[in-house]
Amino acid sequence: SHVVSMQVAQQEINYLQAELAHKNQILLEKLHSKINLTYKIRQNIHHENLQTNLPNWLYDYLQENAFVNNVQWARFKDEFNSIYDNYLTKLTDKYPAITQADLQYIALSALGLSINDITMLLDCSTAGVVSNRKIRIKKHLNIQSDLDSWIRSDLIESTPVLQKLKEQNMLNLPFSK
């Protein structure tokens, strides 16, 4: 009886881990395809020396697909919240001064994206802009330690499924390393 219940618990943990890893992978694949496309477009713009005179269709496309576009952000935020137990909503409730731009950085950092990838997705001109945002977020959240480490550990603590996997030493996601 005890052995059977342990086996059932282990199966549940394995299922949760597989489901979470799958959802996380889908989210990361969507982000990376958006990063790669944006990067290729920007490289072509730079190569063709079009920075100051973008064709309207290309400008419209970039604006429509920018991560900071309200529709794109809303979709991503909903998907992130559904995977991670409404983490961004809870963070907003806990820290009312936090902005949507802050939440965008936090979500991307929580997924383990590099500063260059975050810069590309947030359509920032340089990594320095993102670094300044990190400083602002640390002030809003009153964090003294490394922001990215804090985000990942707070996400784990705030998400029951992640807690359970961590307790079983089975948390195997890009941000947990």
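Keep in mind that what you see is a predicted model, and the values were worked out from it rather than measured. Note that these values count all heavy atoms, side chains included, but never hydrogens, waters or copies made by symmetry.
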Interatomic spacing from CG in Asp93 to CG in Asn86 - rounded to 0.5 Å
9.5 Å

To the nearest 0.5 Å, how far apart are CZ in Arg152 and CG in Leu155?
10.0 Å

Can you name the nearest heavy-atom pair linking Tyr105 to Arg133, along with the distance?
CB-CD, 4.0 Å

Full working for side chain to side chain contact (heavy atoms under 4.5 Å, CB included) between Leu91 and Asp154
CA-CA 10 Å; Leu91 211 53; Asp154 190 59; 3.7 Å; yes

All heavy atoms of Ile118 vs all of Ser109, minimum pair found to be CD1-N, 4.0 Å

Can you name the closest pair of heavy atoms from Asp85 and Ser158 and give their distance?
OD2-O, 3.7 Å

Which pair of non-hydrogen atoms, one from Gln100 and one from Trp73, has the smallest distance, and what is that distance?
OE1-NE1, 2.7 Å

Option passing side-chain contact (heavy atoms from CB on, under 4.5 Å) with Leu88 (candidates Asp102, Asn81, Asp78)
Asn81

Enumerate the salt bridge (charged side-chain N to carboxylate O under 4.0 Å, His left out) contacts for residues 138-149, please, sequence neighbours excluded, ordered by first and then second residue.
Lys134-Asp148

Classify the ring geometry of Tyr87 against Phe80: parallel below 30°, tilted from 30° to 60°, perpendicular beyond 60°.
tilted

Chi angles and distances behind the side chain to side chain contact (heavy atoms under 4.5 Å, CB included) call for Asp117, Leu108:
CA-CA 9 Å; Asp117 288 347; Leu108 297 174; over 6 Å; no

Going from CD1 on Ile98 to CD1 on Ile106, what distance comes out if it is rounded to the nearest 0.5 angstrom?
3.5 Å

Test: salt bridge (charged side-chain N to carboxylate O under 4.0 Å, His left out). Region: residues 105-114. Which pairs qualify, not counting sequence neighbours?
none

To the nearest 0.5 Å, tell me how far Glu79 CD sits from Tyr84 OH.
10.0 Å

